[in-house]
**Q** 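Handing you this structure, nothing more for now.
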Amino acid sequence: MADHPHDTSAHDPADHGHHGHHILSSGILLKVFGALIFLTILTVVLGLMERSGTIHLGALSVPVALGIAGVKATLVAMFFMALKYDNKVNALAFSLSLVFLAVFFIFTFLDTGFRDTFDERSATAIDEVEMQELQLQQRTQELQPAFEAQPLVLPGDTALIGAPPAP
Amino acid sequence: MSTVATAPVRTEPATRAYPPGHEPVHHYLLEPGPGPDVRGFARVWPTIKAWATTVDHKRIGVMYLFTVSLFFAVAGIAALGVRAELMNPGSDFLTADQYNRLFTFHGVVMVFLFIVPSIPASLGNFALPIQLGAKDVAFPKLNLASYYIFLAGASIALYAIFTGGIDTGWTFYTPYSDTTNTAVLPMTLAVFVAGFASILTGINFIVTIHKMRAPGLTWNRLPLFIWALYAVSIVQILATPVIGITMLLLAMERFLNIGIFDPALGGDPVLFQHFFWFYSHPAVYIMILPAFGVISELMGVFSRQKVFGYRAIALSSVAIAMLGFFVWGHHMFVSGQSPLSSIVFSVITFLIGVPSGIKVLNWVATMYKGSVWLATPMLYALAFLFLFTIGGLTGIMVGAIGVDIHLHDTYFIVAHFHYVMMGGTVFAMIGGLFYWWPKMFGKMMSERWGRISAVVAFFGFNMTFFTQFVLGSQGMPRRYFTYLDQYHDLHMVSTVGSWFLGLGLLMVLGNMIWSLFRGKPAPGNPWGAATLEWTHTTSPPDHHNFHRTPLVTHGPYDYDALFAGDGSGDGTGGDGSAGRVPGMPAPVPNPEQGGPQEMHKSVDLGLAQPKSKHD
Ligand code: HEM
Ligand SMILES: [Cu+2]
């Protein structure tokens, strides 16, 4: 694009604002690009370090990752989408959509973050439920022989309640 | 190509009887007719083509109206089937599996293909630009695109239905929708696609309202229908993408086995409900807010009074639109969500009652000491008032956590949302249809049959759904195809009621068809309304709505400004700004002097009533 000779006409001050497109110098574009690459590498490195146990972010892990992603998105919106130089109303509309996203996150977090408050039974992971079921089955199997060895109706009882029905 | 200009060649086919726009009778419904030499299919083809490629908001509104009415009819017949099966316990003519598919079909079609686009895309598309004094919406081609995208979504839905249908209910809850082998993916794709139609309509309306109001039409003079559509558009734009994302996530899970909602893959099924209701609760306001707008118009016109609390009604629409984003968790009280969020969502749900109450009280106050005219639209509006109040109040009831634990997933919920969606939105839409029909088609509907239909439908509706409140509170669960004997009597009553309801709606349909062929020609302003679509155009309107952009000199409900005074219609009165406005440009001579569409300049200036081509 930059080698296209006609593009330079957009730098003409008299033309400025007519097209509503702000032309950024390639220097700025490259810097932003560099920042984006750096942040991407940072995310990956942090992820690897966390996995290998070099650092422990704990509860901060997700916020940090989202924070970096947020900075990147902001850079893209401000420079590549030129919101920084655009009518401020557009920037407002754009940020409102972020507020909107935040509403969804915050309210959903009110659920997922507080599931076992008030001494409530809360959702159990399915593998846990399966494990309990397996244990139950094993225990049943263990007890089965002892259970069958003991007849339900003892010979003495038949006098009182009649013979058991044929199986 | 030669560069030498030749004498102008007549490119117009010689088969036109009149040059376009100069036919003896011309309005947006008519195509310039071909000459008598054109026969057969070639006679109708230009008309079909003109309609299919039209960018006229009026025609698109009419096409939407017929499309959504068709879906309403189909889904309505499905509903009668569901009710018939429920008349007796056990299987009558459907198996349990067929029953599940039938009620899901009913729900999905009613919600996504009927009620979401219903009022905005049909009545809104037709009336909004005219009420604003504009020639069209801001992006006419986008408007047409929205219609075709909607058709595409609908076709995919039909495909899903013919390949077996789905049995998840319209809510597509995981984990069931992850595992059922019915056509969940095509159906969710259909919802995804149809959503874009909704978004395009919303964008179009917002830009039109901001940019294309006629001179003098300040925000405080906007008809309340416009305010309602404005609020709806905001919700459409913000909320609809979320259902699209949700459906994509569901597809990703089913196709790629990425764990999002399915616990077996490490997902969280309750998260699906968060996603779903984050769209679908605001969506219930997409469904009801336009109805509020229609009712505000009707209350003003048929009480012959300024709408009481104009600003409160306008802003409460916006307030509802905003608050509506913070209450979705009230659908999840028994889903296992945290008690903390249940409490927060419950409190905000109660708050929603405030703007809704403001509206209802203001409508009642509008009628107070007015001269209420019980024409058909008003009868439907009154039915709305009654039914929506019941629907809204029971909403507050189930918004209370303790009560909802008892009532969740029972017939009480079914009754609640039918009171708002059917008793509210559908009744308002029919009222609006009776109201705008003369403007749309230039024909009056039968007043007598209109009134009879309103009474029959109102009666049938309550018989069908009030019983369901009782059934639900006694513990009848929803989405079951059979039930215990103790519920038999009430189910019977409900089913019989559904026949009355169907009969009432059939009368409306008959009335529409009858009026197209036999209806009395409609004058320009049969109801004596004061908004631009009645005061400044004929019935039906011209292709471009207005001959000259109208100048708005009074509020939308200033009947005294229009009709009071010495009878000359010079409109002195109202807020005092009516009458001659200093600095007003001199009227431009009308090139179509003498034509049937001619209107006196005083019409353009808002000082007199338009005449219809029939007067
Ligand atoms: C005053 C305003 C309203 C309040 C406070 C309210 C409250 C509620 C609550 C708490 C529920 C959940 C009940 C449950 O599932 O246990 C519910 C369900 C429902 N409401 Fe409303 N509502 C209101 C207005 C509306 C409107 C205007 C509509 C539609 C036009 C609507 C449509 C529905 C639907 C479709 C459901 C059932 C969803 C499902 O589970 O399938 N509501 N409402
Ligand atoms: Cu809701």
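Letters go in sequence order (proteins before strands), and every chain restarts at 1.
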**Q** Checking side-chain polar atoms at under 3.5 Å, does A:Gln144 have a donor or acceptor matched by the opposite partner on A:Glu148?
**A** yes

**Q** Non-hydrogen atoms of chain A under 4.5 Å away: do they reach the side chain of B:Leu265, the backbone, both or neither?
**A** neither

**Q** Which one of B:Pro263, B:Pro269, B:Gly329, B:Ser342 has the most heavy-atom pairs closer than 4.5 Å to chain A?
**A** B:Pro263

**Q** Between B:Phe276 and B:Phe272, what is the ring plane arrangement, given parallel below 30°, perpendicular above 60°, and tilted in between?
**A** parallel

**Q** Which residue out of A:Thr112, A:Asp111, A:Leu110 racks up the most heavy-atom pairs below 4.5 Å with chain B?
**A** A:Asp111

**Q** With only heavy atoms counted, which part of A:Ser97 is less than 4.5 Å from chain B, the side chain, the backbone, both or neither?
**A** neither

**Q** Taking the six-membered ring for Trp, are B:Phe326 and B:Phe345 closer than 6.0 Å centroid to centroid?
**A** no

**Q** Would A:Phe107 and B:Trp328 count as a close aromatic pair, with their ring centres under 6.0 Å?
**A** yes

